[in-house]
Amino acid sequence: MSDQQHLLQQHRQALLACTRCPAMIRPVVSGKPVLSPVLLIGQAPGDKEGVLGKPFAWTAGKTMFKWFAQIGLDEATFRERVYMAAVCRCFPGKNPKGGDRVPNPQEIQQCASWLQAEVELLQPKLIIPVGKLAIQQMLEVDKLSEVIGGLHRLNFHGHDTDVIPLPHPSGASTWHRTEPGAGLLEAALATIQAHAAWRQMLGRPT
């Protein structure tokens, strides 16, 4: 085992034991501690992910993994080759008005150090934020149409990297199924597919 792999496993063990946010519903949900040039950042797990023990384990995940299958990685392979993180790692609970509660700024801040440590450990060549909350951690965004469909070069937690945002694959959202969102999603997936880090995941020349 490499030193980097050992550090990543130690990081994940500490992450899984986190109790910083009392209003969040444990368990902590984390992807596998895989050394990868690609980092996917979701928003926060839903109520099924904690039970199933992995991120994007329910209906939104089925949609998202169909997107990635279109560009060469099925779900099982993706989980083995891409590090899957999130803005917040525990289920925020339900919103009384419907849907899941959005994590508050304090909860986002308290969880941010886990993501910072992962960026420092992995030094990712490509970050894929999924959904507006994840995208907002690294890009100013008012409308999704302003940022989805292109590649953004920026510094995130002290690391220069490429960022290709995706919309949230929620079944409740029509954004990715209607224009201009559907076309922008296809453009974003094509940009990911052409990226050197993604080609590395596929074992193709970069």
Side-chain angles (χ1 to χ4, degrees), residues 23-25 29 31 38-79 82-105 107-108 111 115 126-152 154 156 162-195 198 201:
M24 289 285 198
I25 299 170
V29 177
V38 180
L39 172 63
L40 180 131
I41 303 174
Q43 299 190 146
D47 57 349
K48 304 289 194 302
E49 275 72 17
V51 176
L52 296 169
K54 56 187 178 182
F56 283 102
W58 205 240
T59 51
K62 287 184 174 65
T63 297
M64 184 184 75
F65 288 117
K66 284 180 183 176
W67 296 347
F68 291 132
Q70 292 173 25
I71 57 172
L73 283 184
D74 61 33
E75 178 178 348
T77 309
F78 187 98
R79 292 187 184 277
V82 176
Y83 192 97
M84 299 181 70
V87 176
C88 291
R89 312 301 172 96
C90 298
F91 175 47
K94 292 294 184 182
N95 184 330
K97 296 180 181 179
D100 294 347
R101 179 177 72 84
V102 177
N104 64 46
E107 289 166 336
I108 292 171
C111 214
L115 185 56
L126 172 62
I127 296 179
I128 305 173
V130 180
K132 194 170 186 179
L133 183 68
I135 298 167
Q136 286 173 329
Q137 306 311 305
M138 53 200 77
L139 289 168
E140 287 189 18
V141 51
D142 180 27
K143 296 179 180 179
L144 289 177
S145 57
E146 297 170 350
V147 296
I148 290 176
L151 182 148
H152 308 264
L154 54 84
F156 185 55
D162 291 336
V163 174
I164 304 175
L166 292 177
H168 198 277
S170 167
S173 171
T174 60
W175 193 92
H176 57 83
R177 291 182 274 125
T178 55
E179 294 300 344
L184 292 172
L185 168 61
E186 290 303 315
L189 291 172
T191 306
I192 292 171
Q193 185 177 29
H195 196 279
W198 187 263
M201 291 290 91

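Between atom CG of residue L115 and atom CD of residue Q137 there is a gap of 8.0 Å, rounded to the nearest 0.5 Å. L154 CG to I127 CD1: the interatomic distance, rounded to the nearest 0.5 Å, is 7.0 Å. Atoms CD1 and CE, from I41 and M84 in turn, are 11.5 Å apart once rounded to the nearest 0.5 Å. Note: I108 CD1 to Q43 CD = 9.5 Å, rounded to the nearest 0.5 Å. For the atom pair CG (L40) and CD1 (I164), the distance works out to 12.0 Å, reported to the nearest 0.5 Å. To the nearest 0.5 Å, atoms CD1 (I192) and NE2 (H195) are separated by 9.5 Å.
The closest side-chain heavy-atom distance from P103 to V87 is not below 4.5 Å. Using a 4.5 Å heavy-atom cutoff, the side chains of H176 and I148 are not in contact. V163 has its side chain out of reach of F156: every pair of non-hydrogen atoms, C-beta onward, lies at least 4.5 Å apart.
In this structure a side-chain-to-backbone donor-acceptor pair under 3.5 Å is present from H152 to V147. Looking only at distances, no side-chain donor or acceptor of E186 sits under 3.5 Å from a matching main-chain atom of A182. Of the possible polar contacts, none joining the R89 side chain to the A85 backbone as a donor-acceptor pair under 3.5 Å is found. A distance-only check finds no donor-acceptor pair linking the side chain of K132 to the backbone of K143 [under 3.5 Å]. E146 contributes no side-chain N or O that, together with a main-chain N or O of V141, makes up a donor-acceptor pair within less than 3.5 Å.
Summarising the local packing, CD of E140 is surrounded by 12 or fewer heavy atoms from other residues, nucleotides or ligands at distances under 6.0 Å.
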Would you be so kind as to tabulate the donor-acceptor pairs closer than 3.5 Å made by side chains of residues 65-78, with sequence neighbours excluded?
| unit_1 | atom_1 | unit_2 | atom_2 | d |
| --- | --- | --- | --- | --- |
| D74 | OD1 | A76 | N | 3.4 |
| D74 | OD1 | T77 | N | 2.8 |
| D74 | OD1 | T77 | OG1 | 2.7 |
| E75 | OE2 | R79 | NE | 3.0 |
| E75 | OE2 | R79 | NH2 | 3.1 |

Which donor-acceptor pairs under 3.5 Å do the side chains of residues 90-102 make with protein atoms, sequence neighbours left out?
| unit_1 | atom_1 | unit_2 | atom_2 | d |
| --- | --- | --- | --- | --- |
| K94 | NZ | D100 | OD1 | 2.9 |
| N95 | OD1 | K97 | N | 2.8 |
| R101 | NE | P92 | O | 2.8 |
| R101 | NH1 | E107 | OE1 | 3.0 |
| R101 | NH2 | P92 | O | 3.1 |
| R101 | NH2 | E107 | OE1 | 3.4 |
| R101 | NH2 | E107 | OE2 | 3.0 |

* Asked: Would M24 and C88 count as a side chain to side chain contact (heavy atoms under 4.5 Å, CB included) if you check the C-alpha gap in whole Å, the side-chain angles of each, and the deciding distance to 0.1 Å?
  -> CA-CA 9 Å; M24 289 285 198; C88 291; 3.7 Å; yes

* To do: Could you walk me through whether I135 and L144 pass the side chain to side chain contact (heavy atoms under 4.5 Å, CB included) test, one step at a time?
  => CA-CA 9 Å; I135 298 167; L144 289 177; 3.9 Å; yes

* Asked: After noting the C-alpha distance and the side-chain angles of W175 and L184, does the key distance pass the side chain to side chain contact (heavy atoms under 4.5 Å, CB included) rule?
  -> CA-CA 10 Å; W175 193 92; L184 292 172; 4.1 Å; yes

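Here the closest heavy-atom approach between residue G42 and residue A134 is recorded as O-CB, 3.6 Å. Contact between A57 and E49 at its shortest, heavy atoms only, is N-OE2, 3.0 Å.
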